[in-house]
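All values below come from the heavy atoms of this structure, side chains included, with hydrogens, waters and symmetry mates left out. We count residues from 1, following the sequence as given.
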Amino acid sequence: MSFTDIIKLRRSRYELTDRLPISEEKLTEIIGQCILHTPSAFNSQPARVVLLLGEKHKQLWKLTEECLREIVPADKFAPTEKKLASFSAACGTLLYYNDMDTVRQMQEQFPIYKDNFPVWAQQANGMLQFAVWTALAEAGVGASLQHYNPLIDARAARAFEVPASWQLVAQMPFGLPQGAAADKTFIPLERRFRIEK
C-alpha cells in the first residue's frame with residue numbers, strides 16, 4: 001500500500017473491543033517507533049506517552065466518569081456514561097503529554113523563539129498522535145482521539161504517577177474495531193488547496 005492509502009485507513013473508531021489483532025509486543029514496538037521518529041522543532045522531542053492496559057486503562061475511564069459526574073447534571077448524564085463505557089470497553093488507552101520542562105529549556109536556550117516553543121510542542125504532539133493512529137490503523141487496530149483534559153489532569157497524574165512537568169494533551173482509546181467506520185464527508189479540495197505559479 002502507498003502512504004496515502006495507509007492514511008485513508010486512519011479513522012475515528014468508537015466501537016472497540018478489548019482484543020487486539022496484534023501482540024502486545026507489536027503494539028509497543030509500533031508506538032515506540034512512532035515516538036522515536038516523529039519530528040519536533042529543533043529536535044526537542046517534548047512529547048511523552050503513557051500506555052494504559054488492563055486495570056489501569058479501566059481506571060482512567062472510571063476517574064474520567066467521576067470528574068464528569070461533578071459537572072454534568074445527573075438527569076443528562078446517560079449519553080456521557082454510554083460514551084465513557086465505550087472507551088472503557090476498548091483494549092487500552094494512550095495518554096499523550098508534552099513535557100513542559102523540555103519546552104522551558106528550549107525557551108531558555110533559544111529566547112528569540114520563546115513564544116513559539118509551546119506551539120511547536122503542540123504541533124509535534126499532533127504529528128505523533130497522527131503517526132501512532134495511522135500506524136495502528138495499518139495494523140488493524142481501531143482508535144479515536146479524546147480530550148478530557150484539563151478536567152482529568154490532576155487525577156490522572158496522581159493515578160499514573162505522571163511527572164508534574166507533563167501536560168496532558170489527549171487520550172486515545174484503542175482496540176479491535178467492530179463494524180465499518182462511519183462515512184466521512186469532505187470539504188471540496190479546491191476550497192482547501194491552492195496552487196500559485
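Contacts of Thr4 classified as side-chain contact (heavy atoms from CB on, under 4.5 Å), with partners at least two apart in sequence or in another chain: Ser2. Leu16 meets the side-chain contact (heavy atoms from CB on, under 4.5 Å) test with Arg13, Ala90, Pro177; sequence neighbours excluded. Remark: Glu15 engages no residue in a salt bridge (Lys or Arg N to Asp or Glu O under 4.0 Å) (not counting sequence neighbours). Partners of Pro188 by side-chain contact (heavy atoms from CB on, under 4.5 Å), not counting sequence neighbours, listed by chain and number: Glu190, Arg191. The side-chain contact (heavy atoms from CB on, under 4.5 Å) search around Asp183 returns none, not counting sequence neighbours. In terms of the salt bridge (Lys or Arg N to Asp or Glu O under 4.0 Å) criterion, residue partners of Arg194 (sequence neighbours excluded) are, by chain and number, Glu196. When the salt bridge (Lys or Arg N to Asp or Glu O under 4.0 Å) test is applied to Asp153, no partner is found at least two apart in sequence or on another chain. With sequence neighbours left out, Tyr96 forms a ring pair (Phe, Tyr, Trp, His ring centres under 6.0 Å) with no residue at all.
In terms of heavy-atom proximity, Ala135 sits nearest to Cys34 at CB-SG, 3.9 Å. In terms of heavy-atom proximity, Pro46 sits nearest to Ser40 at CD-CB, 3.8 Å. Taking every heavy atom of both residues into account, Gln59 and Ala159 meet most closely at NE2-CB, 3.5 Å.
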| request: For Thr93 and Trp61, run side-chain contact (heavy atoms from CB on, under 4.5 Å): C-alpha distance rounded to whole Å, both residues' side-chain angles, the deciding distance at 0.1 Å, then the answer. | output: CA-CA 9 Å; Thr93 302; Trp61 297 108; 2.9 Å; yes

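In this structure, Val162 and Leu168 have side chains that are not in contact, with every pair of non-hydrogen atoms separated by 4.5 Å or more. Inter-residue side-chain proximity for Phe87 and Thr64 is flagged as unmet; no heavy-atom pair is nearer than 4.5 Å. Between Thr102 and Gln45, every side-chain heavy-atom pair lies at or beyond the 4.5 Å cut-off. A 4.5 Å side-chain heavy-atom check between Ile30 and Val141 finds every atom pair outside the cut-off. Met1 is listed as a side-chain neighbour of Leu9, based on a closest heavy-atom distance under 4.5 Å. Looking at Phe174 and Leu94, their side chains come closer than 4.5 Å, going by heavy atoms from C-beta outward. Taking the side chain as every heavy atom from C-beta outward, Leu20 and Leu176 never approach each other to under 4.5 Å. Ile152 has its side chain within reach of Leu60: a pair of non-hydrogen atoms, C-beta onward, lies under 4.5 Å apart.
Using a 4.5 Å cut-off between side-chain heavy atoms of Ile, Leu, Val, Met, Phe, Trp and Tyr, with links allowed through other members, Leu151 and Phe77 fall into the same hydrophobic cluster. Clustering ILVMFWY residues whenever any of their side-chain heavy atoms sit less than 4.5 angstrom apart, transitively, puts Met172 in a cluster other than the one holding Ile7. Hydrophobic cluster membership differs between Leu52 and Val49, with clusters built from Ile, Leu, Val, Met, Phe, Trp and Tyr side chains linked at under 4.5 angstrom. Linking Ile, Leu, Val, Met, Phe, Trp and Tyr whenever their side-chain heavy atoms come within less than 4.5 Å puts Ile71 and Leu63 in one cluster. Tracing side-chain contacts under 4.5 Å through hydrophobic residues (I, L, V, M, F, W, Y), one never reaches Phe160 starting from Leu53; they form parts of separate clusters.
When atom types are taken as modelled, the side chain of Thr28 and the backbone of Glu25 share a donor-acceptor pair closer than 3.5 angstrom. At distances below 3.5 Å, at least one donor-acceptor pair connects side-chain atoms of Trp133 with backbone N or O atoms of Ala143. Of the possible donor and acceptor atoms, one in the side chain of Gln171 sits under 3.5 Å from a partner among the backbone N and O of Tyr148.
Sorted by first and then second residue, the salt bridge (Lys or Arg N to Asp or Glu O under 4.0 Å) pairs with a member in residues 30-53 read Arg48-Asp99; sequence neighbours excluded. The side-chain hydrogen bond (donor to acceptor under 3.5 Å, both in side chains) contacts involving residues 76-90 comprise Arg69-Glu81, where partners must be two or more places apart or lie in separate chains.
In this structure, Ile195 shares a hydrophobic cluster with Leu189, Phe193, the cluster being traced through Ile, Leu, Val, Met, Phe, Trp and Tyr side chains under 4.5 angstrom apart.
We find the OG1-CD distance between Thr38 and Gln33 to be 10.0 Å, quoted to the nearest 0.5 Å. One finds the CG atom of Leu95 at 11.5 Å from the NZ atom of Lys56 (value rounded to the nearest 0.5 Å).
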Name the atoms and distances for all side-chain donor-acceptor pairs under 3.5 Å in residues 105-129, with sequence neighbours left out.
unit_1, atom_1, unit_2, atom_2, d
Gln107, NE2, Lys114, O, 2.8
Asn125, OD1, Gln129, NE2, 2.7
Asn125, ND2, Tyr97, O, 2.9
Asn125, ND2, Asn98, OD1, 3.0

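The number of heavy atoms from other shown groups lying within 6.0 Å of CD (Glu55) does not exceed 12.
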